[in-house]
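These numbers come from a predicted model, not from an experiment.
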Amino acid sequence: MTYETAKAAFADWGVDTEAALDRLKTIPISMHCWQGDDVVGFEQQTGTSGGGIQATGNHPGRARTPDELRADAEFAYSMIPGKHRFNLHAMYLDTDGSPDRDEIEFAHFAPWVDWARGLGIGLDFNPTFFAHAKADDNLTLSHPNAGIRDFWIEHGRRSRDIAAQMGAALGAPCVNNIWVPDGYKDTPVDRMSARRRLEASLDAMLEARQDKAHMLDAVESKLFGIGVEACTVGSHEFYFGYASRKGTLLCLDMGHFHPTENIADKLSAVALSVDEILLHVSRPMRWDSDHVILLNDDILQMAQELVSADLLGRTHIGLDFFDATISRTAAWVIGTRNMQKALLRALLMPLDQLKIAEDGLDFTTRLSVTEEFKDMPFGAVWDEFSKRAEVPNGQALIRELDRYQKSVSDRG
C-alpha cells in the first residue's frame with residue numbers, strides 16, 4: 001500500500017497522518033551506552049556488578065574503547081529516523097587518567113560532549129553505583145558504614161555537577177538518573193534503618209541546587225536482583241514517595257516490577273503526583289533480564305497511554321536493555337525503531353472518538369474500533385517516515401545491519 005492510500009484510509013477515521021509524522025519526529029529517544037559494550041565501561045575498577053546486572057552472550061563486535069562505542073552509536077543513529085539522545089553511565093569516562101568514582105569531573109567526559117555537539121544531540125547521565133569494590137556488599141547509599149556512604153554521596157554529587165555541565169554545554173537538560181543496587185539476599189530484620197540511611201544519603205547528594213534548564217534529577221526503583229532477592233531498599237513505594245516529596249523525576253523501568261504489572265497503567269497514576277517521568281523501556285523475561293524491546297502489547301499500551309494521557313511533554317523516554325547474544329548495533333537500531341513505531345501507532349489512533357465512546361459507557365464501540373484499527377496500514381505510514389528521514393527499511397535495513405556487523409566482528 002502506498003502512503004497516499006494509507007493517508008486516505010486514516011483520514012476516513014478522522015486521523016491526520018501528517019500531524020502524526022510531524023509529532024513523531026520531535027520525540028527524542030535516549031539510546032543507552034551500555035548496550036554497546038555489555039555494561040563493561042572504560043575505567044579500571046574491581047568489584048562485582050551488583051544488583052543483578054549481567055549481560056549474557058559473547059557475540060563478536062563489542063566496543064572496547066570510547067571511540068569504538070561512539071562509532072557504533074553513530075551507525076545506529078544513521079539507521080534510526082529523527083534526532084535522539086545518548087545516555088551515559090559514569091563508568092564510561094573518556095580520559096587517560098584513572099580517577100576513582102568520588103574523583104570524577106566534567107573534563108573526564110568532555111570528549112563525549114564534543115561528540116554530541118557535533119551530532120546535534122543531547123546527553124543524559126547516570127552515576128554508577130555498581131561494579132566497584134565499595135559496592136560488593138550490595139549496599140551503597142544505605143550501607144551501615146558511614147565512610148562507604150560518604151564515598152557514594154560524593155560520587156552522586158559529582159555526577160550531578162557533570163550532568164549539569166553537560167546540559168549547559170549542549171543547551172538541553174541532561175536527565176541524571178539515580179539507581180542503586182542496595183538490598184539483601186535474605187530477609188532483613190530492619191528494613192527501616194536501611195531506608196532511612198538511603199533517604200538521608202539522597203538528601204545529602206541532592207542538597208546543592210542545580211538549574212533545571214541544565215539538569216534534571218530522577219530516582220529509579222527496582223523489584224529485586226541477583227543477590228538482593230529478599231529486599232530492595234529503593235523499592236517503588238520508597239522512590240514514588242521520595243519523588244513526590246522532593247520534586248524529582250520518577251523513573252519507571254519496565255523490567256523493575258512484577259511480571260504481571262503493567263507500566264502503562266502506572267503512568268497516569270504517578271503523573272498526578274510527580275511533574276515529570278523518566279521511562280526506561282525494556283523487555284523483561286521472567287525478571288529484569290533486559291531483552292531488546294519488541295513491538296508487543298506492553299510497548300503498544302505504554303505508547304498509547306503516553307499519547308492518550310497527554311504525557312509526552314512530561315515524559316523522558318530512554319531505553320535499557322543489553323543483549324550480548326546478537327549484534328549490539330542491531331539491538332540498538334531494532335529497539336529504538338520499535339519504540340518509535342509504537343509511538344506512531346498511538347499517534348494514529350482515533351483517540352477522540354474512543355474517549356467519547358468510553359465516557360458514554362459505549363464499550364462495544366470502544367472494542368470494535370480498537371480491533372478494527374489493528375488492520376490499519378501503519379506500516380505504510382512508517383515507511384513514509386523512514387523515507388523522509390532517508391533511512392532504510394525491510395531487507396535494505398537488514399543488509400546494512402549485517403554489513404556493519406561484519407565490519408566490527410574482528411574485535412573479538
Checklist entry - Would a 4.5 Å heavy-atom cut-off, applied to side chains only, mark Leu170 and Val113 as touching? => result yes
Taking every heavy atom of Leu294 against every heavy atom of Ile299, the minimum-distance pair comes out as O-CG1, 3.2 Å
>> Any side-chain to backbone donor/acceptor pair from Asn338 onto Ile293? Under 3.5 Å, distance only.
In response: yes
For the residue pair Phe106 and Met166, establish whether any side-chain heavy-atom pair is separated by less than 4.5 Å.
yes
*Between Asp203 and Tyr242, do the side chains contain an N or O donor and an N or O acceptor separated by less than 3.5 Å?*
yes
List the atom pairs, donor and acceptor, that lie under 3.5 Å between side-chain atoms in residues 232-239 and the rest of the protein, sequence neighbours left out.
{"residue": "Thr232", "atom": "OG1", "partner": "Leu223", "partner atom": "O", "Å": "2.9"}
{"residue": "Ser235", "atom": "OG", "partner": "Phe238", "partner atom": "N", "Å": "3.3"}

| task | State whether Trp112 and Arg70 meet the cation-pi test: NZ (Lys) or CZ (Arg) under 6.0 Å from the six-membered ring centroid, and within 45° of the perpendicular axis. | result | yes
How about Ile334 and Ile326: do any of their side-chain heavy atoms sit closer than 4.5 Å?
-> no
Ring pair (Phe, Tyr, Trp, His ring centres under 6.0 Å) test vs His89 passes for just one of Phe125, Phe130, Phe42, namely Phe130
The reported gap from CG in Asp124 to CG in Leu278 (rounded to nearest 0.5 angstrom) is 7.5 Å
**Request:** Answer yes or no: are there more than 12 heavy-atom neighbours, outside Asp352 itself, under 6.0 Å from its atom CG?
**Result:** no
inquiry  = Does Arg388, at its CZ atom, have more than 12 non-hydrogen atoms belonging to other residues, nucleotides or ligands within less than 6.0 Å?
reply    = yes
The side chain to side chain contact (heavy atoms under 4.5 Å, CB included) partner of Arg328 among Asp323, Asp38, Val333, Asp37 is Asp38
Is the Lys NZ or Arg CZ of Lys266 less than 6.0 Å from the centre of Phe257's six-membered ring, within 45° of the axis? yes
*asked:* Measuring only between side-chain heavy atoms, which start at C-beta, is Ile277 closer than 4.5 Å to Arg314?
replied: no
| query | Do NZ/NE/NH1/NH2 and the carboxylate oxygens of Lys222 and Asp253 come within less than 4.0 Å? | reply | no
- Given side chains that start at C-beta, do those of Trp34 and Asn126 come closer than 4.5 Å, heavy atoms only? yes
_Close side-chain approach of Met254 to Phe321, heavy-atom, < 4.5 Å_ = no
Here the pair of heavy atoms bringing Phe373 nearest to Leu348 is CE2-O, 3.1 Å
When rounded to the nearest 0.5 Å, the distance separating NE2 of His32 from CG of Leu88 is 12.5 Å
Practice prompt. For the pair His256 and His280, evaluate side-chain contact (heavy atoms from CB on, under 4.5 Å) and give the outcome as yes or no after the intermediate values.
Written response: CA-CA 9 Å; His256 286 191; His280 275 191; over 6 Å; no
* Main-chain N/O of Ile121 paired with His84 side-chain donor or acceptor, under 3.5 Å -> no
(request) Please confirm whether the backbone N or O of Leu139 pairs with a side-chain atom of Asp137, one donor and one acceptor, at under 3.5 Å? (result) no
Show your reasoning for whether side-chain hydrogen bond (donor to acceptor under 3.5 Å, both in side chains) applies to Gln405 and Ser409. CA-CA 6 Å; Gln405 176 56 37; Ser409 290; 3.3 Å; yes
Does a side chain donor of either Tyr92 or Thr128 reach within less than 3.5 Å of an acceptor in the other side chain? no
One should read off an interatomic distance between Leu93 CG and Ser98 OG, to the nearest 0.5 angstrom, of 9.0 Å
Requested in this report: Please step through salt bridge (charged side-chain N to carboxylate O under 4.0 Å, His left out) for the pair Glu358 and Lys355, ending with a clear verdict.
Outcome: CA-CA 5 Å; Glu358 186 169 272; Lys355 287 180 179 180; over 6 Å; no
**Prompt:** Taking the six-membered ring for Trp, is the centroid-to-centroid distance between Phe151 and His132 below 6.0 Å?
**Reply:** yes
Item to complete: Would you please test Arg23 and Leu312 for side-chain contact (heavy atoms from CB on, under 4.5 Å) and show each step?
Response: CA-CA 10 Å; Arg23 183 70 181 93; Leu312 283 173; 3.4 Å; yes
The residue among Ile27, Ile80, Leu279, Ile317 that forms side chain to side chain contact (heavy atoms under 4.5 Å, CB included) with Met339 is Ile317
For Glu305 and Ala264, the nearest pair of non-hydrogen atoms, with its separation, is CG-O, 3.2 Å
Between His316 and Val175 the two heavy atoms that sit nearest each other are ND1-CG2, 3.7 Å
| request: Spell out, as yes or no, whether a donor-acceptor pair under 3.5 Å connects the side chain of Asp182 to the backbone of Ser142. | output: yes
Next on the checklist: Applying side-chain contact (heavy atoms from CB on, under 4.5 Å) to Ile153 and Arg157, what does each step give before you reach the verdict?
Outcome noted: CA-CA 6 Å; Ile153 289 169; Arg157 286 171 173 161; 3.7 Å; yes
- [ ] Mark yes or no for whether Arg337, through its side chain, and Met79, through its backbone, hold a donor-acceptor pair below 3.5 Å.
- [x] yes
Using a strict 4.0 Å threshold on nitrogen-to-oxygen distance, state whether Glu199 and Arg195 make a salt bridge.
no
CZ (Arg160) and CD (Glu207) are apart, to the nearest 0.5 Å, by 9.5 Å
Exercise for review: Using a strict 4.0 Å threshold on nitrogen-to-oxygen distance, state whether Asp72 and Arg411 make a salt bridge.
Suggested key: yes
| task | Begin with the C-alpha distance, continue with both residues' side-chain angles, and end with the deciding distance and a verdict on side-chain contact (heavy atoms from CB on, under 4.5 Å) for Met349 and Leu354. | result | CA-CA 9 Å; Met349 291 293 290; Leu354 288 167; 3.8 Å; yes
Query - Gln210 side chain near Asp161 side chain, heavy-atom distance below 4.5 Å - result: yes
| query | So, Asp297 side chain and Leu300 main chain: donor-acceptor pair closer than 3.5 Å or not? | reply | no
Practice problem: Would you mind checking if Asp114 and Arg117 are paired as a salt bridge, meaning a charged N to carboxylate O distance below 4.0 Å? | Solution: yes
Does the gap between the ring centers of Phe10 and Trp13 come in under 6.0 Å? no
Where the side chain of Thr187 meets the backbone of Ala230, is there a donor-acceptor pair that is under 3.5 Å apart? no
Between Trp179 (side chain) and Phe129 (backbone), is there a donor-acceptor pair under 3.5 Å?
no
What one should report as the nearest heavy-atom pair of Lys134 and Trp152 is O-NE1, 3.0 Å
The reported gap from CD in Glu154 to CG in Asp102 (rounded to nearest 0.5 angstrom) is 6.5 Å
- Query: With a 4.5 Å limit on heavy-atom distance, are the side chains of Lys185 and Glu229 in contact?
  - Reply: yes
Would you kindly say whether Gln340 and Thr336 are connected by a side-chain donor-acceptor distance under 3.5 Å?
no
Rounding to 0.5 Å, atoms CG (Asp320) and CD (Gln35) come to a distance of 10.0 Å
Checking the side chain of Arg85 only, and the main-chain atoms of Leu123 only, is there a donor and an acceptor separated by less than 3.5 Å? yes
Lys83 side chain to Leu119 backbone, donor-acceptor under 3.5 Å: yes
